[in-house]
Every structure is written in C-alpha cells, then in structure tokens.
Amino acid sequence: MMSQFLENVDKTRIEALNAFKEVADLEALEKARVEFLGLKSKITELSRTLGTLPKNERPSAGQAVNKAKTLVTQAHHHALARLEAAKERSDYLDVTLPGRPPLAGHKHLISQTMAEICRIFAKLGFSVVEGPEVETDYYNFEALNFPPDHPSRDMQETLFVSEKLLLRTHTSPVQIRTMEKTKPPVWVVAPGKTYRRDDDITHSPMFHQVEGLVVDKGITMADLKGVLTAFAAAFFSPETKIRLRPSFFPFTEPSAEVDIRCVLCQGQGCRLCKGSGWLELLGSGMVDPALYKFVGYNPDEVSGFAFGLGVDRAAMLKYGLSNIRHLYEGDLRFLRQF
Ligand code: DAH
C-alpha cells in the first residue's frame, strides 16, 4: 500500500518537473500549473488520500507529498522567470531595425587647442618636445636662473612632492632639458600640464601651457615679435594685433608680456578687456645668457627667444568662455559644443 503510494508521488513529481522544463510560453505554463498544482491536480489528490493510509505510514507519506509539492512549485517559479525574461528580450529586440552605431567620442577642447597651437608652430618650423610633470627644483627653478630663496619663486605657488621634487609650475623646465640634449639651432614648442596652488574662475590648480624656445645664430626680438604675430593671426584671426609690454622673468632678459587686441571689442574697450582694449596672452623674452651656462652653450655664438602660452586662457579667449571650470567638469552639454 505504502510503496504504491510513494511510487505515485514519484511518478507525479517527475511528470510535473518535465512538463515545467518544457513549457514554451506563458499559456502553456498556466495549463501546466493547473494540471500539476491546481485544486484538482494529482498531487492535491494524493494529499487527500493520505487519510486512507494506515496511521503509522501517514507521517512519512505526508513528508514525501510535501517534498514533491515544494519541488514542483519551485519548477513552476523557474519556468515563469525563464519565460518572462525571454518575453522582455523579445519586446525590445526588433531585428529589422537598423543598428545603432556606438557613440564616438572626440578630443577635449583643451587637447584640440593644444594640438592646434602645436600645428601652427610646426608650420613655422618648430618641433614638438615634451618633459616630465614631476620636476626637480633644478629644472623648474635653479637652471632657469631663479636663485634659491629668491622672491620670484613665490609668484609660482608651487606644489611640492618632497623637498627637491615638485609638480612643475610651468613648461619652462623643458627649455633646459631640450638644450641639454641638443646643440643649436633649437626651434621647439613643448606642450603639457602644469600645476599651481591657484583656484578661481580664471585659475585651475592644473592647467596647460605651450612653451616655445628658439636658439639660433643672430636671433633678435624682431624674430620673437614676428613669430608671435604670425601665431596670433593663425590662432585667432588674420587681423589680430599684438603688443609687447616690458615685464620680468628670471630666465629672459629683456622680458615682455604679450597682449592681443581684444577679441570681443577689437580694441574699443569692453568688459572682457576691462576697458583697455588689450588681453594678456603670454610671457616671453630673449633667453637670458645665464641659462646658456647651465647647458654648455656659448652666449657669444647664439641668441634666442622664449615664450610661455597658457592654453586654457587661449581657449577661453578664443571661444569666449566665462569660467575655466567648464573645461574640467566633464559636462557633456558643454564639451559637445566643440
Ligand atoms: N614660465 C612663465 C610662467 O609660467 C611664462 C614664460 C614667460 C615662459 C617668459 C617663457 C618666457 O618661456 O620667456 O609664468
């Protein structure tokens, strides 16, 4: 009697599990549910006949029925999950639609600007070189004629890594590294990241510069002005005028700040140029012969000029950006405009 009962339970369970494994749609699943778990199902039927068994056989028979019920219920759940996932997939997969090409990114405005600046100087005969962002005090200051403890170091708001290692505050150290490695003539630009303890709407602690260095025979300030006039015309617009203002940098003598005619008012005077008609663009000057001592050049044979251009600033002026932070927030609504 008992073995007959257990055999029935087994048979029903196997039949049910197979049925749930094979159902191919939700309708078939519902049919199988009614058949194997419904009120008139075989399992329910078997539960009902428990009472006809001898008393001592009922507990283990009951356990067998319950176990079978649990397994069949689980099989139902699995089948339901499987069919629903498949339905969801087929709801959005329309194989007749044309494919969606993956979104292609593009270069950040700063990278574009840096590349454009280098392209312009390349056309003027300059090569592109690079140097490290973590620098030694020697290259960032000493060999550029910043004496130790000199107040001109304070202007640079330096971020130190250790006593003699720092994040370069300008790209000028690449001047020294280049001259150490090559003999004149030198015509190079050095683009890259620079760092200072500075943070407001026109300053970011990480910013970008392009350094320029020319050392050759008979170079004068007229060459400096000629090259930078050609650059301003190519980068901003053909009529862009520049002017040189006396300034000071430890590594150039004489030194000049280079301004361009205001891109907004063409020199009339406006909010952008604070009424002056001019915008500060870069620092420059004739290479101080003191530098040649550090790199073994003969100051009687060569002369040169150098300049340092702020890329972020140049981009802000060219594209009329009001806040340098737009360049660093990664907001696609801003970045996609360029
Ligand atoms: N290194 C200077 C700075 O970041 C800019 C500069 C001025 C670079 C004059 C030069 C130069 O090469 O000749 O403030």
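Start at 1 and go down the list; that is how both ligands and their atoms are numbered. All figures in this text were calculated on a predicted structure; none of them were measured in a lab. Only heavy atoms go into these numbers, but all of them, side chains included; no hydrogens, no water, no symmetry mates.
Atoms of ligand 1 lying under 4.0 Å from any heavy atom of Glu211, numbered from 1 in the order shown and given with element: 8 (C), 10 (C), 12 (O). The contact set between ligand 1 and Thr252, taken as ligand atoms under 4.0 Å from a residue heavy atom, comprises 13 (O). Residue contact check: Gln175 has heavy atoms under 4.0 Å from atoms 12 (O) of ligand 1. The Phe249 neighbourhood of ligand 1 comprises atoms 7 (C), 9 (C), with distances under 4.0 Å to a heavy atom of that residue. Within ligand 1, the atoms closer than 4.0 Å to a non-hydrogen atom of Phe307 are 8 (C), 10 (C), 11 (C), 12 (O), 13 (O), numbered from 1 in the order shown. The Gly285 neighbourhood of ligand 1 comprises atoms 13 (O), with distances under 4.0 Å to a heavy atom of that residue.
Nearest-residue assignment for atom 4 (O) of ligand 1 (options Glu253, Met286, Arg196, Glu257; heavy-atom criterion): Arg196.
A donor-acceptor pair is defined here as one N or O able to donate and one able to accept, closer than 3.5 Å; no such pair exists between the side chain of Arg13 and the backbone of Ala64. Judged purely by atom type and a 3.5 angstrom limit, Ser204 uses its side chain to pair as donor or acceptor with the backbone of Met206.
Exactly one residue among Phe307, Tyr195, Phe251 makes a ring-ring contact (aromatic ring centres under 6.0 Å, His included) with His170. That residue is Phe251.
By the 6.0 Å contact criterion, CZ on Arg197 is open, its count of non-hydrogen atoms from other residues, nucleotides or ligands being 12 or less. By the neighbour-count criterion of 12 heavy atoms within 6.0 Å, atom CG of Asp149 is sparsely surrounded, having that number or fewer from other residues, nucleotides or ligands.
Between Gln156 and ligand 1, no N or O atom pair is found at a separation short of 3.5 Å. Between His170 and ligand 1, at least one pair of N/O atoms sits closer than 3.5 Å.
Looking only at atom types and distance, the side chain of Asp200 has a donor-acceptor partner in the side chain of His203 under 3.5 Å away. Under the 3.5 Å distance criterion, with hydrogens and angles disregarded, a donor-acceptor pair is assigned to the side chains of Ser237 and Thr240. A side-chain N or O of Thr44 and one of Ser41 form a donor-acceptor pair less than 3.5 Å apart.
Neither the backbone nor the side chain of Arg168 has any atom closer than 4.0 Å to an atom of ligand 1 (non-hydrogen atoms only). Only the side chain of Phe251 comes within 4.0 Å of ligand 1, counting heavy atoms alone; its backbone N, CA, C and O stay farther away. Here Ser172 has side-chain heavy atoms under 4.0 Å from ligand 1, and that is the only part of it that gets that close.
Ranking the protein heavy atoms by distance from atom 5 (C) of ligand 1 puts Gly308 CA, 4.1 Å first.
Between Phe236 and Phe231, the ring planes lie perpendicular to each other; the angle is over 60°, past the 30° to 60° tilted range.
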